[in-house]
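A short worksheet on the structure shown next.
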Amino acid sequence: MKSLTQPLSQVDPDIAGLIAKEAHRQEEGIELIASENTVSQAVLEAMGSVFTNKYSEGYSGKRYYGGNEVVDEMESLAVNRAKALFGAEHVNVQPLSGSPANLAVYMAVAKPGDKVLGLKLDHGGHLSHGHPVNFSGLMYNFVQYEVDEKTCRIDMNRVREVALKERPRMIIAGFSAYSRDIDWKAFKSIADEVGAVTFGDIAHIAGLIAGKALENPVPIFDIVTTTTHKTLRGPRGAIIMCKSQFQKDIDRTVFPGIQGGPHDHVNAAKAVCFQEALQPSFQEYARQVIRNAQALSAELMSRGYRVLTDGTDNHLLVVDLRSKDLAGKAAEVALDKIGISCSRSTIPFDTRKAMDPSGIRLGSPAMTTRGMGEAEARLIGGFIDKAIMKSGDEAVLARIHGDVKELCKRFPLYL
Ligand code: DSN
């Protein structure tokens, strides 16, 4: 039997090579996918730790396997740090990712067929907020609100009208392609009026909330979920925060309702990311993320691009490319060629299909993590514009790609 301590490069050179190749891609490229970020070495180390060897169904002090005394300590630390970070009454750190976390909330609060109100996916919502092909739309009776056609903003009067008419069991606020502040208190007041449970999905903006750059819905809402790998800059996973009255139902639904053994190595890494986010420097990071998104947005608007809602209050912007003669998919491909990753995006009332929609979504969390500021954001806006305007000219794209690599060299990640 081979030694457990043999390095990956000897055990599996194929995978070791691919990891090195991906690290190189990340080092040399600018990551503008709004839901991505770059974690610290400390988070990586915790994820690659011996906690991956353990089974620990249950919760701290109440496990179904022996040998969990250290896992109990680690999970309690993760829970307590998350509580401190968000001011939550209760936190479950075991959800494997955002969609399972949301599934747990639906199952804990509603019966199949119950009515739930959420924002439409192509208006900035999320698949798990009631899209017909997703479990949420299949299992629950979703009614959806939309953004205003002109302003592309959520109109709280309209949300109230729909809520009063439909009287849902639960109201969801929280989005994956919406750039403006959310009026959590207005959502709560509408929910109280119709007797609905409030569910906030802060997956995209959790890091900005933890960094005190945006208002925190956790003290206002009944239940809040977030992934830990976006602006929060932790490992891939999720948590559920709730008022004490929902604690039992949430915990029971996560385990044994949906999941088996928690991913203890990932939960250890979640604890590390909460610790990092509790530091004052994370607040400066959160503010810089927003400043960078605003600088990128201003640069693109000055070059004639329509940015939905005319700017952003958070880390992301959705750019409507209809006036540029290039749809979202082709723009994504052109940007890939210059070493900039982004995601194509539908725009509200889009007449094109989701696979090739009319826009792109850009985000600043990862570029900010590597130390770039507003000057770089404006420079990147220029690269994007040139690549979109010259998407058919391989020589121009290659030249911009060279500029992107040069810029990245000035802001190394792990090297
Ligand atoms: N896939 C994520 C995003 O890009 O917004 C949401 O789950």
Side-chain angles (χ1 to χ4, degrees), residues 31-36 97-99 102 116-138 140 142-155 158-159 162 172-182 201-205 227 230-231 293 296-297 300-301 304-336 340-365 381 384-385 387-388 391:
E31 187 51 72
L32 292 186
I33 292 177
S35 48
E36 293 191 16
S97 204
S99 284
N102 290 353
V116 184
L117 179 61
L119 181 68
K120 257 188 172 169
L121 174 67
D122 55 349
H123 285 233
H126 187 256
L127 266 177
S128 66
H129 297 180
H131 194 278
V133 301
N134 183 263
F135 72 83
S136 52
L138 293 168
Y140 298 93
F142 259 87
V143 279
Q144 308 227 271
Y145 52 97
E146 299 183 339
V147 295
D148 178 82
E149 189 158 8
K150 254 208 209 111
T151 63
C152 292
R153 293 180 187 234
I154 293 165
D155 174 354
R158 184 72 196 118
V159 176
V162 182
I172 308 177
F175 318 105
S176 51
Y178 186 70
S179 332
R180 291 299 173 181
D181 265 348
I182 299 163
D201 179 343
I202 58 168
H204 262 265
I205 52 174
T227 49
K230 298 188 176 90
T231 47
L296 179 59
S297 161
L300 289 172
M301 286 194 291
Y305 288 80
R306 176 180 178 241
V307 172
L308 298 194
T309 76
D310 299 322
T312 178
D313 295 326
N314 57 32
H315 63 301
L316 71 83
L317 44 141
V318 179
V319 186
D320 175 357
L321 294 173
R322 283 176 305 182
S323 64
K324 295 289 170 186
D325 213 21
L326 194 73
K329 190 175 163 189
E332 187 188 291
V333 170
L335 295 185
D336 258 335
I340 291 183
S341 304
C342 78
S343 42
R344 70 193 86 155
S345 176
T346 48
I347 57 168
F349 309 98
D350 210 334
T351 49
R352 299 179 65 94
K353 297 232 172 342
M355 274 308 279
D356 188 13
S358 299
I360 49 172
R361 187 189 63 172
L362 306 172
S364 59
I384 291 172
D385 178 34
I388 286 178
S391 63

So [Y] and [X], do their side chains get closer than 4.5 Å, heavy atoms only?
X      : Y      : result
Phe142 : Ile172 : yes
Leu308 : Pro348 : yes
Leu317 : Leu300 : yes
Tyr305 : Leu321 : yes
Ile360 : Leu335 : yes

I'd like to know whether Phe175 forms a side chain to side chain contact (heavy atoms under 4.5 Å, CB included) with Leu316, so could you lay out the CA-CA distance, the side-chain angles of the two residues, the decisive distance to 0.1 Å, and finally the verdict. CA-CA 11 Å; Phe175 318 105; Leu316 71 83; over 6 Å; no
Over all heavy atoms of both residues, which pair between [X] and [Y] is shortest? Give the atoms and the distance, please.
X      : Y      : result
Arg153 : Tyr178 : CA-OH, 3.4 Å
Ile182 : Ala173 : CG2-CB, 4.5 Å
Ser136 : Gly130 : OG-N, 2.9 Å
Ala331 : Leu326 : CA-CD2, 3.8 Å
Arg306 : Cys152 : NH2-SG, 3.6 Å
Leu362 : Cys342 : CD2-CB, 3.5 Å

Non-neighbouring partners of Arg158 that pass side chain to side chain contact (heavy atoms under 4.5 Å, CB included), sequence neighbours left out: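 Side chain to side chain contact (heavy atoms under 4.5 Å, CB included) check on Arg158 returns Asp155, Glu161, Val162.
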[atom1]-[atom2] distance between [X] and [Y], expressed to the nearest 0.5 angstrom:
X      : Y      : atom1 : atom2 : result
Glu146 : Asp122 : CD    : CG    : 7.5 Å
Ile340 : Glu31  : CD1   : CD    : 10.5 Å
Asp148 : Phe349 : CG    : CZ    : 7.5 Å

Side chain to side chain contact (heavy atoms under 4.5 Å, CB included) between Leu119 and Val147, worked out: CA-CA 8 Å; Leu119 181 68; Val147 295; 4.3 Å; yes
Does Ile33 form a side chain to side chain contact (heavy atoms under 4.5 Å, CB included) with Arg361? I'd like the steps, not just the answer. CA-CA 7 Å; Ile33 292 177; Arg361 187 189 63 172; 4.2 Å; yes
Any carboxylate oxygen within less than 4.0 angstrom of a Lys/Arg side-chain nitrogen, looking at Asp320 and Arg322?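 Yes, Asp320 and Arg322 are salt-bridged.
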Got a donor-acceptor contact below 3.5 angstrom from the Ser341 side chain to the Leu32 backbone?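 Not at all, since once roles are kept as given, no pair shorter than 3.5 Å links the two residues.
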Begin with the C-alpha distance, continue with both residues' side-chain angles, and end with the deciding distance and a verdict on side chain to side chain contact (heavy atoms under 4.5 Å, CB included) for His129 and Asn102. CA-CA 8 Å; His129 297 180; Asn102 290 353; 3.8 Å; yes
Selection residues 324-336 - residue pairs positive for side-chain hydrogen bond (donor to acceptor under 3.5 Å, both in side chains), sequence neighbours left out: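 Checked against side-chain hydrogen bond (donor to acceptor under 3.5 Å, both in side chains) - neighbours excluded - the pairs reaching residues 324-336 are Glu332-Arg344.
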Just to verify, which of Thr351, Thr346, Asp350 counts as forming a side-chain hydrogen bond (donor to acceptor under 3.5 Å, both in side chains) with Ser358?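 Per the side-chain hydrogen bond (donor to acceptor under 3.5 Å, both in side chains) rule, the option paired with Ser358 is Asp350, out of Thr351, Thr346, Asp350.
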Give me the one residue out of Asp310, Thr309, Thr312 that meets side-chain hydrogen bond (donor to acceptor under 3.5 Å, both in side chains) with Arg180.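 Single side-chain hydrogen bond (donor to acceptor under 3.5 Å, both in side chains) partner of Arg180 among Asp310, Thr309, Thr312: Thr309.
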Side chain to side chain donor-acceptor pair (under 3.5 Å) between Asn314 and His204: does it pass, once the steps are laid out? CA-CA 9 Å; Asn314 57 32; His204 262 265; over 6 Å; no
